[in-house]
Amino acid sequence: MPPIYTDSCLAFQIEGQDIKGRIIRLDKSLNEVLGKHNYPEAVSRDLGQAMTISALLGSMMKFDGILTLQLKSDGAVKSLVSDYATDGKGTGVVRGYCGLNEAPDGLPTLGNGQMMITMDQGQYMERYQGIVALKNNSLKASAEEYFHTSEQLPTHLMIDCARDAAGKWCGAAIMIQHLARNTQAEAARVHESDDAEDQWNTASILLGSVKSEELLDTTLSLQDLLLRLFHESGVRVFTNTELTTGCRCSDKKLRTVLASFKTEELHDIAEEGVITMTCEFCKTDHKFELKKLIN
């Protein structure tokens, strides 16, 4: 596999151990999204982290579908939505936006609230939804809590998002987990042996040693970063998921929404005979002539 630097999520396993993981870095896709919005820097950083988490989680889906991460808080960020969708060709498409409090001054970026993860993999798979509290103004802590409650697997996550001197954003994360066991008896033996517990503790310490500049270094390949961390045991990498950004908004979908409005309501929201609907994700204006909607 050639070196992978950005806009990909790479699955891996530490050799000879029951520890799997994923590493992700967003570059072009993240900048395309954040460049469409004029958020304060702290808000952009949290949205970048949320997009990184949603892409990391979404890449774990076994079938085509949509994973949506939603935040609600009493902080400067009143609401946040980031979702990941598969395009049917193996590429993940990620997007996101924030809704801000009307008076954000003096508020933490993320206050008290909740994080909700919804996974929809189509008509043949059961729709899943998990909700956890926002913890300590930290998306990292909330994401780890989500893994603990939804998958019931020991999980450690390192994540960061920052802008460089040239103003370019980058978001990255590494996650490790114990491999799932097939039976209850096997699950009870996750930490049964001293070796397994020592391996997990060592891997956790190594993961915690990763520096932000390494995570966000777009000249350092994801494979080389994994080798820096886990070279003593060795690491095996698997298929990577390429990531891009895009939007699923369309005139057709919005006409369906407007069709549910009463005629009086359509008149109320029209200006000079035109209804304009702006997509919160991509900021595209969709314009509809009122007379064509009510005829």
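We use all heavy atoms of the structure for the numbers below, so side chains are in, but hydrogens, waters and symmetry mates are not.
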Cluster check [X], [Y]: I/L/V/M/F/W/Y, side chain < 4.5 angstrom:
X	Y	answer
Leu258	Ile294	yes
Leu229	Val237	yes
Tyr5	Leu226	no

Evaluate whether atom [atom1] of [X] has more than 12 neighbouring non-hydrogen atoms of other residues, nucleotides or ligands under 6.0 angstrom away.
X	atom1	value
Lys283	NZ	yes
Glu242	CD	no
Asp164	CG	yes
Glu126	CD	no

Between [atom1] of [X] and [atom2] of [Y], what distance do you get to the nearest 0.5 Å?
X	Y	atom1	atom2	answer
Met51	Leu30	CE	CG	5.0 Å
His156	Asn201	NE2	CG	8.5 Å
Cys247	Glu280	SG	CD	10.5 Å
Thr6	Leu26	OG1	CG	9.0 Å
Leu67	Tyr128	CG	OH	10.5 Å
Arg255	Ser260	CZ	OG	14.5 Å

Residues [X] and [Y]: side-chain donor-acceptor under 3.5 angstrom:
X	Y	answer
Asp18	His178	no
Asp285	Thr276	no
Thr218	Asp27	no
Ser59	Thr241	no

Name the one of [options] that satisfies side-chain contact (heavy atoms from CB on, under 4.5 Å) with [X]?
X	options	answer
Leu80	Leu139, Leu47, Val43	Leu47
Ile174	Leu215, Leu56, Leu222	Leu215
Ser204	Ile176, Ile19, Thr155	Ile176

[X] with [Y]: basic N within carboxylate O range, under 4.0 Å:
X	Y	answer
Glu41	Arg45	yes
Asp83	Arg248	yes
Arg25	Asp217	no

For [X] and [Y], which heavy atoms make the closest approach, and how far apart are they?
X	Y	result
Val235	Glu15	N-CG, 3.8 Å
Gly48	Cys161	CA-SG, 3.8 Å
Thr86	Gly65	OG1-N, 2.9 Å
Thr245	Val33	OG1-CG2, 3.2 Å
Leu157	Ala143	CD2-CB, 3.8 Å

Would you please test Ile23 and Cys9 for side-chain contact (heavy atoms from CB on, under 4.5 Å) and show each step? CA-CA 6 Å; Ile23 181 170; Cys9 186; over 6 Å; no
**Asked** Going through the checks in order, is the side-chain contact (heavy atoms from CB on, under 4.5 Å) test met by Tyr84 and Val93?
**Response** CA-CA 5 Å; Tyr84 168 100; Val93 183; over 6 Å; no
| said: My understanding is that only residues two or more places apart in sequence, or in another chain, count here; which of them pass ring pair (Phe, Tyr, Trp, His ring centres under 6.0 Å) with Tyr97? | reply: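 So Tyr97 forms a ring pair (Phe, Tyr, Trp, His ring centres under 6.0 Å) with Phe281.
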Original post:
Is a side-chain donor or acceptor of His267 paired with a backbone partner of Glu264 at a separation under 3.5 angstrom?
Top reply: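 Not at all, since once roles are kept as given, no pair shorter than 3.5 Å links the two residues.
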Practice prompt. Without swapping roles, check the side chain of Ser142 against the backbone of Met115 for a donor-acceptor pair under 3.5 Å.
Written response: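 Looks like no, no N/O pair under 3.5 Å.
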- Message: When you compare the side chain of Met119 with that of Met61, does any pair of heavy atoms fall below 4.5 Å?
- Response: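 Side chain of Met61 against side chain of Met119, heavy atoms only: contact under 4.5 Å found.
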- Message: Tell me which one of Thr118, Asp120, Thr68 satisfies side-chain hydrogen bond (donor to acceptor under 3.5 Å, both in side chains) with Gln129.
- Response: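 Of Thr118, Asp120, Thr68, side-chain hydrogen bond (donor to acceptor under 3.5 Å, both in side chains) with Gln129 is met by Thr118 alone.
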